[in-house]
Amino acid sequence: MGDNVVLVGFMGAGKSSVGRLLARRLGRCFVETDDMITAREGRSIPEIFAERGEAHFRALEEEALRLLALKSGDVIATGGGLPCRDGRPAALRALGTLVWLRGDFDTVYARAQRAGERPMLAGRGREEIEALYRTREPYYRQADLTVDTTGINPDQVVSKLLLALHDRLSLSPQGRPSTLSPLRKPSTLSPLGRGQGEGPQ
Ligand code: S3P
């Protein structure tokens, strides 16, 4: 198993802002699958949807997922639809600790509409988006950890997430060391007041 922290969740869950902050707190690199895709294509996500369609975008996500196998020790934010195919949650869990940033539908819907251009929202009503959210939940639910983001800001989500990662660290059985390694480095322990070499073995 890899030693990345992989964030999943619906549009508006806060994957980008939380991921960026978490990476800073852990002294890790931050990677977004949407950025991998736009860099490769030289076009924005709305342009890809408009010019090549959703199916092409999903194929690019598949390729981005394959490339993630090369990542180690990173914080990775995935696009909201990437985990939502059979076999995807398992493939993502193989990369490290899989974290679902959960939020009540009303909360994430409001956030998703406020920020960013999201082709999946264009031309769809609230009910249709809620139906999409419900079909995606079973995939997100397969994450190793769930952090509820409802009513709290990204900083608070990161604090909760770091605690959950530490709990997982202390509860994890021996023999799954890669799950723990994102928190092993001294710099990763300091935000919670732990110094070099103090982490449980
Ligand atoms: C999508 C979510 C977007 C982006 C694309 C498709 C989706 O990412 O990957 O527009 O299907 O939910 P965010 O979840 O970061 O908005």
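Heavy-atom basis, side chains included; hydrogens, waters and symmetry copies ignored. All ligand and atom numbering here is 1-based and tracks the order in the structure.
- Phe49 and Phe57 have tilted rings, their planes meeting at an angle from 30° to 60° on a 0 to 90° scale.
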Report every pair formed by an N or O atom of ligand 1 and a protein N or O atom separated by less than 3.5 Å, giving atom names and the distance to 0.1 Å.
{"residue": "ligand 1", "atom": "8 (O)", "partner": "Asp34", "partner atom": "OD2", "Å": "3.0"}
{"residue": "ligand 1", "atom": "9 (O)", "partner": "Asp34", "partner atom": "OD1", "Å": "2.8"}
{"residue": "ligand 1", "atom": "9 (O)", "partner": "Asp34", "partner atom": "OD2", "Å": "3.0"}
{"residue": "ligand 1", "atom": "11 (O)", "partner": "Arg58", "partner atom": "NH1", "Å": "3.4"}
{"residue": "ligand 1", "atom": "11 (O)", "partner": "Arg58", "partner atom": "NH2", "Å": "2.7"}
{"residue": "ligand 1", "atom": "11 (O)", "partner": "Arg136", "partner atom": "NH2", "Å": "2.8"}
{"residue": "ligand 1", "atom": "12 (O)", "partner": "Gly81", "partner atom": "N", "Å": "3.4"}
{"residue": "ligand 1", "atom": "12 (O)", "partner": "Arg136", "partner atom": "NH1", "Å": "2.6"}
{"residue": "ligand 1", "atom": "12 (O)", "partner": "Arg136", "partner atom": "NH2", "Å": "3.4"}
{"residue": "ligand 1", "atom": "14 (O)", "partner": "Lys15", "partner atom": "NZ", "Å": "2.7"}
{"residue": "ligand 1", "atom": "14 (O)", "partner": "Gly80", "partner atom": "N", "Å": "2.9"}
{"residue": "ligand 1", "atom": "16 (O)", "partner": "Arg118", "partner atom": "NE", "Å": "2.6"}
{"residue": "ligand 1", "atom": "16 (O)", "partner": "Arg118", "partner atom": "NH2", "Å": "3.3"}

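- A side chain to side chain contact (heavy atoms under 4.5 Å, CB included) with Asn4 is found for one member of Asp74, Val31, Leu98 and no other, namely Asp74.
- Between Glu130 and Arg134 there is a salt bridge, since at least one side-chain N of the basic residue sits less than 4.0 Å from a carboxylate O of the acidic one.
- Within a 6.0 Å radius of CD in Glu117, no more than 12 heavy atoms belonging to other residues, nucleotides or ligands are found.
- Listed by chain and number, the residues in a side-chain hydrogen bond (donor to acceptor under 3.5 Å, both in side chains) with Tyr140 amount to none (sequence neighbours excluded).
- Of the candidates Thr33, Thr78, Leu92, Leu60, Leu92 is the only one forming a side chain to side chain contact (heavy atoms under 4.5 Å, CB included) with Leu65.
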